[in-house]
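Down below is the structure, laid out as structure tokens.
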Amino acid sequence: MKKSMRMAAATAVAAVALGVAAPMASATESAHIARTAISVSAATPSASVTTATLPTSAPAAADVSAADSAAHANALAAAKGGRLDPVIKLLKKSPDAFKSAVRAAKNGASAYHKWVKSLSWKNPLKYTLMALPGYLQTELINWLASQVG
């Protein structure tokens with residue numbers, strides 16, 4: 001009974017961390033941006049638009065785009081790493097499930113999804129993994145496939 005309660009609590013924590021926190025944060029941020037944009041546009045009705053010149057040489061443009069894409073990739077990896085931590089911890093609590101997940105992920109995404117669907121309807125891990133958004137499922141599959149085991 002204790003194990004069931006712990007698994008249910010971990011599932012609830014993961015669902016709250018993944019399902020509620022992200023939409024609330026983005027909604028708050030977009031409301032703040034909209035308010036700022038309205039106040040700026042109301043404060044400066046006669047503002048002129050200026051244009052910036054972009055570098056025309058190919059190497060300079062490539063350096064800028066490579067730096068931007070590297071920074072974006074690092075930020076994306078950090079964000080996903082933080083979001084997958086509760087799910088990874090939940091997976092690691094059951095060594096048998098973790099080994100099965102790694103085996104399924106190494107066989108591909110369809111094998112992984114088939115494994116998730118084969119879990120018992122009583123298993124909270126099944127519902128946690130099914131509730132993940134698609135891009136996080138892909139990240140989890142990639143991370144599991146890179147594990148040794």
Please set out all donor-acceptor pairs under 3.5 angstrom arising from side-chain atoms of residues 110-124, sequence neighbours excluded.
from: Ser118; atom 1: OG; to: Trp115; atom 2: O; distance (Å): 2.6
from: Ser120; atom 1: OG; to: Lys122; atom 2: N; distance (Å): 3.1
from: Asn123; atom 1: OD1; to: Leu125; atom 2: N; distance (Å): 3.0

request  = Find out whether Leu129 and Leu90 are in side-chain contact, i.e. whether some heavy atom of one side chain is under 4.5 Å from a heavy atom of the other.
outcome  = no
request  = Would you mind reporting whether Arg83 and Tyr135 have side-chain heavy atoms less than 4.5 Å apart?
outcome  = yes
request  = Report the distance from atom CE of Met130 to atom CG of Leu132, rounding to the nearest 0.5 Å.
outcome  = 11.0 Å
key: Listed partners of Lys89 passing side-chain contact (heavy atoms from CB on, under 4.5 Å), at least two apart   = none
Cluster check Tyr127, Leu91: I/L/V/M/F/W/Y, side chain < 4.5 angstrom = no
inquiry  = Could you check whether any side-chain N or O of Glu139 sits under 3.5 Å from a backbone N or O of Leu84, counting only pairs where one atom can act as donor and the other as acceptor?
reply    = no
task = For the pair Lys106 (side chain) and Gln147 (backbone), establish whether a donor and an acceptor sit closer than 3.5 Å, ignoring hydrogens and angles.
result = yes
